[in-house]
Amino acid sequence: MSAEESIVPSNFIRNRVEADVKDGKNAGRVATRFPPEPNGCLHIGHAKSIVLNFGLAKEFGGTCNLRFDDTNPSTEDMEHAESIVEDIRWLGFDWGENLFYASDYFEPLYQMAVRLIEMGLAFVDDQNAEEIRANQGTLTDAGTNSPFRDRTVSENLDLFARMKAGEFEEGEKVLRAKIDMSSSVLTLRDPLMYRIQKGEHPRTGKAWSIYPMYDFAHGQSDAIEKITHSVCTLEFRDHRPLYNWFIERLELKPAPEQIEFARLNLTHTITSKRKLRELVEGGHVSGWDDPRMPTLRGMRRRGYPPAAIRDFCEGVGVANRDSVIELSRLEYSIRQDLNKNATRVMSVLRPLKVVIENFPEGEVDELEAVNNPEDEAAGTRKVPFSREIYIERDDFMEEPPKKFFRLSPGREVRLRYAFFITCVDVVKDESGEVTELRCTYDPETRGGDAPDGRKVKGTLHWVSADHAIEAEVRLYSHLFDCEDPGELSKGPEFIDHLNSESLEVIENAQLEPSLRDAEPGHSCQFERLGYFSMDPDSTKAKPVFNRTVTLRDTWGKVLKKEKK
RNA sequence: UGGGGCGUCGCCAAAUGGUAAGGCAGCGGCCUUUGGAGCCGCCAUUUGUAGGUUCGAGUCCUACCGCCCCAACCA
């Protein structure tokens with residue numbers, strides 16, 4: 001690790017942990033956990049939490065457990081758990097033997113509930129959901145005590161045991177903590193601890209007919225695993241008093257400490273589980289792994305390197321105030337990684353044929369090209385040059401504006417790693433569309449430099465027409481046309497803000513032949529265009545490449561500005 | 001509305017009573033066989049507002065303004 005990389009920005013959580021370690025709290029031990037619910041797909045927001053939790057453990061020589069929060073069998077399944085495992089591994093983290101499930105603790109949790117009943121701190125409530133809600137009170141008014149609140153311990157014990165035994169139907173009874181129905185903290189108004197669910201649990205099957213609620217399960221699970229710092233998002237702030245209440249009453253030691261931080265938000269995207277699902281089910285994207293999705297699977301398919309995602313998550317910092325990160329910050333991390341690591345290749349997205357009139361027909365010249373100017377060890381490769389080549393349509397203009405220094409009639413430019421060429425003629429069809437360029441080349445400039453020292457302003461990428469591989473290229477950009485699709489509570493639905501140009505498919509891109517043996521997942525830079533990653537949809541006959549991210553494009557900026 | 005949080009540059013974010021880091025974005029320039037990368041420079045006389053305490057305040061106090069979260073048998 002270089003000195004540069006080792007500079008981890010400080011944040012309030014790291015500072016807290018550091019202070020705890022220094023104070024000798026928990027004998028200096030640090031244990032965190034990442035607690036996903038196996039009912040959805042991991043996304044960039046989860047990545048931040050993963051990086052934070054595993055990062056803390058690593059930095060302080062501790063452990064980070066992966067714990068599935070599987071307390072609601074009606075919404076959770078093992079398929080999600082498996083995909084989550086795969087995603088976290090891909091992101092680059094390892095929990096060793098420390099894979100746990102909240103369902104591992106159903107028995108001890110049940111015993112804890114019994115103890116609270118015995119202490120007179122929990123009771124079985126016969127009210128149904130509507131009644132409980134009605135007696136909950138409002139933000140300003142206290143709730144009212146359940147008529148069943150004063151049942152005797154033995155009655156509660158009996159009822160709870162029978163709930164467990166499956167004697168009651170769903171919704172018929174719940175177990176609640178006896179705290180304070182007039183508390184201004186709503187989570188303290190006799191919160192539910194257990195509800196009855198008759199379905200099958202993916203791991204425990206039919207063994208239980210009662211399941212603990214989040215508030216009753218999470219803190220104690222942390223305590224059982226001897227978690228020292230239980231990091232969660234801001235909306236759980238109000239749950240902290242309850243988190244601590246259970247742990248204190250049950251005298252669970254050492255007591256874990258809940259610390260809340262602000263979840264990650266990104267412009268031009270959404271991370272709400274519900275909305276993500278709507279995108280998939282509504283057919284607005286091709287699936288959970290659509291390269292436009294902010295899911296880890298989507299980003300993987302898009303070609304985002306896991307190290308870049310980690311760098312991004314660390315780079316944006318951790319705070320306890322809501323924030324929205326600009327997408328450009330993510331792209332910066334992606335480019336930074338790929339610039340160092342991706343090999344360069346020349347591919348033409350929108351081909352324009354160029355005939356080199358003075359280059360002998362049938363002859364092929366093998367030119368040497370650098371694989372990665374940022375990494376000498378990446379070496380060089382040979383690229384075939386011949387009489388007919390393709391260049392990018394955008395690289396030719398018949399009537400060039402002032403700052404355009406690519407090809408135009410009479411002008412000389414460099415073909416990268418090859419020769420200087422001069423455009424001598426423009427061939428058009430009846431409609432006036434340019435169909436072909438006739439050029440001459442200067443054999444003296446082989447490799448790209450003129451012995452007489454003359455300079456050219458432009459350097460173009462190109463590919464030999466006879467040698468090129470035809471490919472499909474999918475150009476992606478942000479899924480939404482506004483910065484905050486998630487905040488459109490008033491006004492149009494988020495779905496109405498889908499960017500109609502988030503995917504452009506090019507069917508006949510021409511790739512450099514060295515890409516012939518590439519495998520899906522392979523990332524490279526198409527010089528002057530951007531970074532691309534080979535898609536699993538690829539076939540031998542027709543490779544498919546996804547654009548991961550464009551290169552920074554200062555010429556594009558100039559054009560945009562002049563349009564205005 | 002009761003409670004809990006939070007307001008530092010367009011976006012993130014440091015600064016823990018000692019005189020406003022850094023990154024992204026943006027803007028200039030240098031360099032360049034990628035209009036990429038790299039390099040150099042510019043970019044908060046001021047921390048939501050108004051008062052107060054102090055030799056000294058982004059940090060402490062008061063009031064006000066604004067934003068977020070909480071009334072699932074979800075997590």
Side-chain angles (χ1 to χ4, degrees), chain A residues 7 9-12 15 35-37 39-40 69 71-72 74-76 102 125 127-129 132-133 136-143 170-176 182-189 192-197 211 213-215 217-218 232-241 260 262 267 273 315-333 335-336 339-340 344 346 369-370 373-374 403-406 414-418 420 445 447-449 455-461 483 525-531 550-558:
Chain A
I7 298 170
S10 84
N11 65 61
F12 79 102
N15 293 161
E37 184 187 13
N39 75 341
D69 222 333
T71 56
N72 187 353
S74 65
T75 58
E76 297 150 359
D125 195 346
Q127 294 181 106
N128 62 34
I132 289 177
R133 201 175 312 124
Q136 169 90 282
T138 67
L139 293 178
T140 48
D141 303 316
E170 289 188 14
E172 221 177 297
K173 286 182 168 38
V174 291
L175 182 73
R176 302 177 71 177
S182 65
S183 173
S184 51
V185 179
L186 268 41
T187 41
L188 257 22
R189 319 246 261 225
L192 270 59
M193 292 164 59
Y194 273 91
R195 78 293 214 185
I196 296 168
Q197 278 202 25
Y211 292 92
M213 302 288 290
Y214 166 85
D215 284 307
H218 203 93
C232 64
T233 46
L234 251 30
E235 69 268 26
F236 290 99
R237 181 57 237 261
D238 288 346
H239 294 244
R240 198 162 78 206
E260 312 85 17
T267 62
K273 245 178 228 178
V316 296
V318 180
N320 58 178
R321 78 179 83 136
D322 297 318
S323 63
V324 184
I325 315 290
E326 289 176 347
L327 193 61
S328 60
R329 179 62 186 78
L330 209 209
E331 293 183 337
Y332 166 79
S333 287
R335 289 193 186 102
Q336 194 175 244
N339 176 49
K340 287 274 178 283
R344 315 289 133 123
M346 292 192 287
V370 173
E374 302 290 320
K403 286 179 225 157
F404 184 87
F405 42 82
R406 278 115 95 147
R414 169 168 42 233
L415 293 178
R416 181 145 229 235
Y417 299 124
F420 284 11
T445 57
D449 279 309
K455 301 285 181 200
V456 288
K457 280 289 262 183
T459 300
L460 273 41
H461 61 279
E483 282 202 350
Q525 182 193 103
F526 289 178
E527 292 216 32
R528 304 210 303 135
L529 297 173
Y531 297 96
T550 61
L551 252 27
R552 283 187 71 230
D553 181 10
T554 48
W555 168 242
K557 269 183 215 162
V558 172

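Convention: sequence-line order gives letters A, B, ...; per-chain numbering from 1.
Across all strands shown, A:Tyr211 has no heavy atoms under 4.0 Å from either base or sugar-phosphate atoms. Within 4.0 Å of A:Thr71, counting heavy atoms only, lie sugar-phosphate atoms of the nucleic acid but no base atom. Across all strands shown, A:Arg416 has heavy atoms under 4.0 Å from base atoms, whether or not it also approaches the sugar-phosphate. In this structure, A:Arg414 reaches the bases: a heavy-atom distance under 4.0 Å links it to at least one base atom across the strands shown. Residue-level contact check: A:Met213 touches the backbone only, with heavy atoms under 4.0 Å from sugar-phosphate atoms and none from bases. Among the protein residues, A:Glu527 comes within range of the nucleic acid bases, having at least one heavy atom under 4.0 Å from a base atom. Here A:Leu139 lies in heavy-atom contact (under 4.0 Å) with a base. In this structure, A:Val558 reaches neither bases nor backbone, as no heavy-atom distance under 4.0 Å exists between it and the strands shown. Residue A:Phe404 is classed as a base contact, given a heavy-atom separation below 4.0 Å to a base. Within 4.0 Å of A:Arg240, counting heavy atoms only, lies no atom of the nucleic acid at all. Base engagement by A:Ala129 is indicated by at least one non-hydrogen atom pair under 4.0 Å involving a base atom. Note on A:Asn339: a base of the nucleic acid sits closer than 4.0 angstrom, heavy atoms only. Contact annotation for A:Asp215: no contact, since no heavy-atom pair falls under 4.0 Å across all strands. When heavy atoms are screened at a 4.0 angstrom cut-off, A:Tyr194 is found touching no nucleic acid atom at all.
Taking 3.5 Å as the limit, the base of B:G4 and the side chain of A:Glu235 contain no donor-acceptor pair of atoms between them. With hydrogens and angles ignored, a donor-acceptor pair closer than 3.5 Å exists between the side chain of A:Glu326 and the base of B:G10.
The interatomic distance linking A:Arg335 (CZ) with B:A37 (C1') rounds to 12 Å, in whole Å.
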If you restrict it to nitrogen or oxygen atoms, what contacts under 3.5 Å exist between nucleotides 28-30 of chain B and the protein, and what is each distance?
none

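Annotation: B:A13 and B:G56 have their C1' atoms spaced 25 Å apart (nearest Å). Remark: the separation of the P atoms in B:G35 and B:U45 is 37 Å, to the nearest Å.
Comparing A:Val174 and A:Arg237 by the nucleotide of RNA chain B whose heavy atom lies nearest to each, the residue mapping closer to the 5' end is A:Arg237. Both A:Asn39 and A:Asp238 sit near RNA chain B, but only A:Asp238 has its closest nucleotide nearer the 5' end.
For B:C43, there is no paired nucleotide, since no Watson-Crick or G-U wobble pair has both relevant distances below 3.5 Å. In this structure, B:U34 makes no Watson-Crick or G-U wobble pair, since no nucleotide meets both defining distances under 3.5 angstrom. Nucleotide B:A72 forms no Watson-Crick or G-U wobble pair with any nucleotide shown, as no partner meets the under 3.5 Å limit on both distances. Searching all strands for a Watson-Crick or G-U wobble partner of B:U16 with both distances below 3.5 Å returns nothing. Pair assignment for B:G66: B:C6, on the basis of Watson-Crick or G-U wobble contacts that are both within less than 3.5 Å.
In the set B:A13, B:G23, B:G3, B:G23 carries the atom at the smallest distance from any side-chain atom of A:Arg329.
A perpendicular orientation is assigned to the rings of A:His239 and A:Tyr214, their planes being inclined by more than 60° (bins at 30° and 60°).
Judged purely by distance below 3.5 Å, without hydrogens or angles, the side chains of A:Thr459 and A:Arg414 pair a donor atom with an acceptor atom.
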